[in-house]
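Every chain is numbered from 1 and lettered A, B, ... according to where its sequence line falls, protein lines coming before strand lines.
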Amino acid sequence: MNGRILLGHGSGGRLYRDLVRDVFVAAFANPVLERLDDAAALATSGRVAFTTDAHVVQPLRFPGGDIGRLAVAGTVNDLATAGARPLALSAAFVIEEGFELSELEAVCASMAATAREADVAIVTGDTKVVERGAADGLFITTTGVGEIVVEHEIAAGAVRDGDVVLLSGTVGDHALAVVAARDEFHFTVPVESDCAPLWGLVAAALEAGGEEVRFVRDPTRGGLATVLAELAETAGVGLEVEEEAIPVSAPVRSACALLGYDPLTLANEGKMVFAVGPGRAEAVLGALRGRPEGARAARIGVVTAAHPGRVALRTAFGTRRVLDMPVGELLPRIC
Amino acid sequence: MSDPEVPSGAIASDAAALPGGTTAGDRVAALAGELASAAAERGPATYMEVCGTHTMAISRFGLRELFPEAIRLVSGPGCPVCVTATGDLDVAVALARQPQVTLVTFGDLVRVPASRSTLADERAAGADVRVVYSAADAVELAARLPEREVVFVGIGFETTAPTVAAAVLTARDRGLPNFSLLSLHKTMPGALRALLDAEEMAITGFLLPGHVSVITGSDCYRFVAEEYGVGGVVAGFEAEDVLEALLMLARQRTPAIEIGYRRAVHPEGNLVAQRLMAEVFEPCDASWRGLGTIPGSGLRLAPAFRSYAAEERLPVETGETVEPAGCACGTVLRGALDPVDCPLFASRCTPASPVGPCMVSSEGSCAARYRYRDVEGLEAEL
């Protein structure tokens with residue numbers, strides 16, 4: 001479709017109805033959405049997980065993904081951390097007047113493709129158009145409902161001494177892919193965002209580890225360092241992490257050395273951290289490695305009763321330092 | 001880049017790529033052993049690193065654990081953000097408040113407390129403050145925003161000054177009348193002389209800055225050994241580089257200036273960069289946090305480029321300079337106070353809520369010590 005988004009597209013009148021029908025319903029095609037009711041009716045049994053996430057990334061497209069893929073994967077992954085299979089998503093769009101319709105269609109196509117990949121439907125939504133300058137192109141908020149498939153509670157509080165910490169793959173790829181796409185460094189980094197929906201990966205881990213899978217978290221903003229520091233703090237346990245065991249791709253490592261970034265503090269959009277009881281850790285690691293999105297999964301550390309609330313990182317030189325959360329604005333809008 | 005996965009701890013370097021199957025870890029362990037014997041033979045010594053990147057590397061690699069007890073390593077005035085005087089930050093804040101000004105600078109500076117606010121506060125209050133990764137970006141911005149006065153706040157030592165000089169030349173060649181520079185650049189030799197003259201610290205030797213010395217060479221430090229009888233070794237930034245440089249210092253029987261970072265540094269330095277700096281800048285007195293005014297240790301625009309000087313194009317009034325209450329950053333920058341011994345350290349002053357610049361900048365010794373507090377110390381604390 002040619003043309004641009006006008007203020008009238010947010011008015012609730014004919015333009016709005018056409019936009020919903022020709023762009024959103026066309027892309028997300030599913031029977032619940034097609035009813036165009038104000039609320040979608042869902043059938044669930046048992047416990048549900050419920051989460052929401054706003055996406056403001058710039059640029060909207062970057063190597064390995066775009067804001068649409070990010071919006072779907074981010075919410076699916078947040079549900080997955082609770083052990084929940086995604087049931088349905090909503091999507092709310094804040095669009096700046098003048099935004100290209102073709103660009104909106106491309107974003108919606110990407111959302112639809114990612115939703116298919118995650119086996120979830122986008123069943124309801126909303127659109128607002130704001131004056132030029134009042135938003136930066138396009139903001140998307142997605143909300144998700146998921147059905148919790150495990151009986152036990154997956155939470156930091158369940159983690160205990162001796163548990164093994166697993167990471168599903170390399171860190172830092174997403175943040176560097178987005179930053180490189182902004183072209184502020186005037187050099188290119190051959191890195192793609194890892195942005196991907198991970199319910200399948202988490203389901204495989206839960207199948208292999210059962211109740212021994214005690215903690216699942218996606219290391220997004222703040223990176224692996226933040227997830228580990230928060231886990232130690234919340235659970236009141238110590239963590240011993242091997243820096244050498246944490247996979248970092250060569251381009252990310254080089255770019256970080258050049259820019260002075262620590263890859264452990266960079267955002268990821270397609271990785272999971274697990275804390276698993278020692279008896280099932282190998283089985284879960286095997287299950288992760290058996291899937292393409294977990295091919296580089298690694299055992300990166302253990303939970304200890306020593307130094308509760310702190311993460312000790314053992315360097316390649318056998319020395320130790322405390323791993324803490326980063327402070328302040330490290331990078332521009334990356335998710 | 002043939003290896004798809006490399007541990008994040010092992011940053012690529014020519015020093016790490018060794019033949020014969022030895023790993024960087026093995027080499028570091030061997031160097032630590034040699035350093036222990038050299039230090040035992042030599043007796044107690046205090047060395048000072050005068051480069052923020054060394055401060056970061058030492059913390060990041062946890063190298064303090066490997067230093068023998070006889071060796072004390074203190075951080076000096078090597079963090080560009082940290083040594084920037086409060087009064088100079090006040091000028092930057094006053095410039096940012098001018099409605100026609102777009103103020104452009106490097107990252108950490110926006111969070112450093114000036115007398116009454118930070119550049120980040122000013123930005124939140126509506127000032128146009130932007131962060132760039134190079135001075136060339138500021139020139140680009142001036143070309144894109146012809147209706148704005150684009151002021152670049154230049155901080156840093158001989159490492160960054162040549163790139164800023166190149167940016168000024170670009171602005172001139174492109175005829176950009178709306179670009180100007182607030183030069184807060186400083187040079188390292190004068191700071192070393194001031195530290196040695198102060199005689200506050202008995203410094204046995206300096207771990208000399210690697211990046212700065214790529215530009216300046218090592219000959220400019222000869223006075224340290226010749227006039228003050230203090231040694232120095234130019235060090236690189238890998239764990240091995242730092243340990244090797246300390247080992248060279250520990251083995252010095254006669255104070256001398258040596259280069260440990262031989263793969264990048266030559267005694268005469270980078271002559272092209274030096275010529276560029278000499279064309280665009282001239283030495284001036286500079287105000288350093290903690291060290292006061294040091295004659296000839298600053299760089300201001302040379303007469304032919306004075307029209308690009310922000311202080312001349314956009315003169316501003318600043319109020320009285322107020323140093324943050326209780327902040328000991330000045331003493332920390334002279335190496336006379338260990339960050340952990342500052343009463344504010346990790347209590348009133350943390351990276352999330354910094355009182356002084358040494359806790360703001362990632363190269364600051366307080367931030368480095370805070371972020372990478374050693375685990376044993378924490379265990380004792382708990």
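- Other residues, nucleotides and ligands contribute only 12 or fewer heavy atoms inside 6.0 Å of the CD atom of E69(B).
- Along residues 353-365 of chain B, no residue comes nearer than 4.5 angstrom to chain A, judged on non-hydrogen atoms.
- In this structure, R148(B) places its CZ atom where more than 12 heavy-atom neighbours from other residues, nucleotides or ligands lie under 6.0 Å away.
- In this structure a side-chain-to-backbone donor-acceptor pair under 3.5 Å is missing from R321(A) to G62(B).
- Across all their heavy atoms, D324(A) and Y370(B) have their closest contact at OD2-CE2, 4.1 Å.
- Both the backbone and the side chain of A352(B) come within contact range of chain A, each with at least one heavy atom under 4.5 Å from a heavy atom of that chain.
- The environment of CZ in R314(A) is crowded: more than 12 heavy-atom neighbours from other residues, nucleotides or ligands sit within 6.0 Å.
- Sparse packing is recorded around CZ of R221(A), with 12 or fewer heavy atoms of other residues, nucleotides or ligands lying under 6.0 Å away.
- When heavy atoms are compared at a cutoff of 4.5 Å, S59(B) approaches chain A solely by way of its backbone atoms N, CA, C and O.
- The OH atom of Y133(B) sits 8.0 Å away from atom CZ of R182(A), with the distance rounded to the nearest 0.5 Å.
- Both the backbone and the side chain of T319(A) come within contact range of chain B, each with at least one heavy atom under 4.5 Å from a heavy atom of that chain.
- D262(A) CG to M56(B) CE: the interatomic distance, rounded to the nearest 0.5 Å, is 8.5 Å.
- For E96(A), the side chain to side chain donor-acceptor pair (under 3.5 Å) criterion is met by no residue, not counting sequence neighbours.
- Shown here is R61(A), whose CZ atom has no more than 12 heavy atoms of other residues, nucleotides or ligands within 6.0 Å.
- When the candidates T315(A), V171(A), V252(A) are compared by the number of heavy-atom contacts under 4.5 Å with chain B, T315(A) comes out ahead.
- Taking both residues in full, the closest heavy atoms of F317(A) and G25(B) are given as CD2-CA, 4.0 Å, listed atom of the first, atom of the second, then distance.
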